[in-house]
Asks: 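One structure follows; several queries about it will come next.
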Amino acid sequence: MSPTPAAPARDRLRIAIQKKGRLADPARALLTACGLSWRESRDKLFCFGESLPVDLLLVRDDDIPGLIADGVCDLGIVGFNELDEQAKARRQIGLPDAYRPLRELGFGECRLMLGIPEEWEWTGVEMLQGKRIATSYPAILTAWLAERGIAADVVELSGSVEIAPRLGTADLIADLVSSGATLRANQLKPVEVLMESTAVLAGPVRELNDSRANLMAMLLRRLDGINATREQKLLMFNAAEDRLPAITALLPASADVVRLPGGADSLRLQAMCGTGLSWQQLEEIERAGASGLMVLAVEKSLA
Ligand code: ATP
Ligand code: ZN
């Protein structure tokens, strides 16, 4: 962690992503969906952008916030949990904010939770008073405890947090949970959520003021297009005019019904739906008088 030096002017954008791990593949897939491609370098730490001047740096996720703070990278894809931990750690030692989340990316969902031994009965946060809590997220946990006026020992561990209670190095833990299976395997149970997290695109607090700013704006616009269309479906169907009110009532509230030219006995219609449609919904729409139903995924859109 270092203060933010003025970043040198560059004309290529540099994005840090995880080299190996849970966020590595989805991050790369998302950037590919944004139209980026790279020439792989032999050491695979740096990938030179081919379709656009946007290069990739493949690193450990823990290093991503620091690389943005130091201006080595312009953007990074990292769990909000990691970004917020390092942001809080900076604040706790009086350093200014250096990075911020720009967009949520819809993958890497997890929760930072308190896990207590199965045999304990959870009666509320007051029972944490004086306890030893093992975690890899000491800054988030410290801030969370302080907000609740709880004095507990924060035991910082870099890995295998969930075995700390069995080893006797802590009484309970605060760790990332997605299914809860790891907690159960270690005779722990989740009791309290400290933070909900997803992967985010993070960028510097400071605005870029060279050609990278345009590249960044373009990338954000494409990401917004992907986010907006992730759930969108286009429903096409035929129906008689008098069946339309009954059919419209079965469509998602956000649906926007448009009449298409053509169609002799019945109307040809399409509806843009902000959410997916289940088989059951489609069957109900058909029973209400629609025919020739077809659901199409929306691949790209520019708002
Ligand atoms: P690295 O070698 O890059 O430091 P790591 O072991 O810290 O890897 P991963 O286990 O791949 O990282 O987790 C990366 C991120 O994935 C986490 O910071 C978190 O945002 C997210 N994540 C989603 N589900 C989970 C989970 N069940 N456990 C841990 N992390 C999860
Ligand atoms: Zn890590």
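Numbers for residues simply follow the sequence, beginning at 1. The figures that follow rest on heavy atoms only: side chains count, while hydrogens, waters and symmetry mates do not.
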Asks: Within 45° of the six-membered ring axis of W120 and under 6.0 Å from that ring's centre, is NZ or CZ of K131 located there?
Replies: yes

Asks: Check the pair L296, K233 against side-chain contact (heavy atoms from CB on, under 4.5 Å), reporting the backbone distance first and the verdict last.
Replies: CA-CA 6 Å; L296 306 171; K233 297 284 182 276; over 6 Å; no

Asks: Using modelled atom types and a 3.5 Å cut-off, is there a donor and acceptor pairing between side-chain atoms of R212 and backbone atoms of D74?
Replies: no

Asks: Could you tell me whether E40 and R28 make a salt bridge, using a distance below 4.0 angstrom between a side-chain N and a carboxylate O?
Replies: yes

Asks: With a distance cut-off below 6.0 Å to the six-membered ring centre and an angular limit of 45° from the axis, does R14 pair with F46 as a cation-pi contact?
Replies: no

Asks: For residues L244 and L267, determine if any side-chain heavy atom of one lies less than 4.5 Å from a side-chain heavy atom of the other.
Replies: yes

Asks: With distance as the sole test, does R222 use its side chain to make a donor-acceptor pair with the main-chain N or O of C34 at under 3.5 Å?
Replies: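 It does hold such a pair.
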
Asks: For N227 and R103, does a side-chain donor sit closer than 3.5 Å to a side-chain acceptor?
Replies: no

Asks: Keeping the roles fixed (side chain from Q18, backbone from V78), state whether a donor-acceptor pair exists under 3.5 Å.
Replies: no

Asks: If you group Ile, Leu, Val, Met, Phe, Trp and Tyr by side-chain heavy-atom gaps below 4.5 Å, do W279 and I285 land in one group?
Replies: yes

Asks: To the nearest 0.5 angstrom, please state how far the CG atom of L75 sits from the CG atom of L208.
Replies: 7.5 Å

Asks: Does Q232 use its side chain to pair, donor to acceptor, with the backbone of G274 at less than 3.5 Å?
Replies: no

Asks: To the nearest 0.5 angstrom, please state how far the CD1 atom of I15 sits from the CG atom of D55.
Replies: 9.0 Å

Asks: Ignoring hydrogens and geometry, is there a side-chain-to-backbone donor-acceptor pair from T135 to E156 under 3.5 Å?
Replies: no

Asks: Under a 3.5 Å distance rule, please check whether W144 uses its side chain to pair with a backbone N or O of A139 as donor and acceptor.
Replies: no

Asks: Identify which one of N81, D175, T142 satisfies the side-chain hydrogen bond (donor to acceptor under 3.5 Å, both in side chains) criterion when paired with Y137.
Replies: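 The option that passes is N81.
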
Asks: To the nearest 0.5 Å, what is the distance between CG (L141) and CG (L112)?
Replies: 7.5 Å

Asks: Does a side-chain heavy-atom distance below 4.5 Å link E284 with L250?
Replies: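 Sidechains of L250 and E284: in contact.
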
Asks: Atom CG in L30, atom CZ in F107: separation rounded to 0.5 Å?
Replies: 5.5 Å

Asks: Any side-chain heavy atom of T32 within less than 4.5 Å of one from W38?
Replies: yes

Asks: Please check this pair: side chain of S197 against backbone of R111, looking for a donor-acceptor N/O pair closer than 3.5 Å.
Replies: no

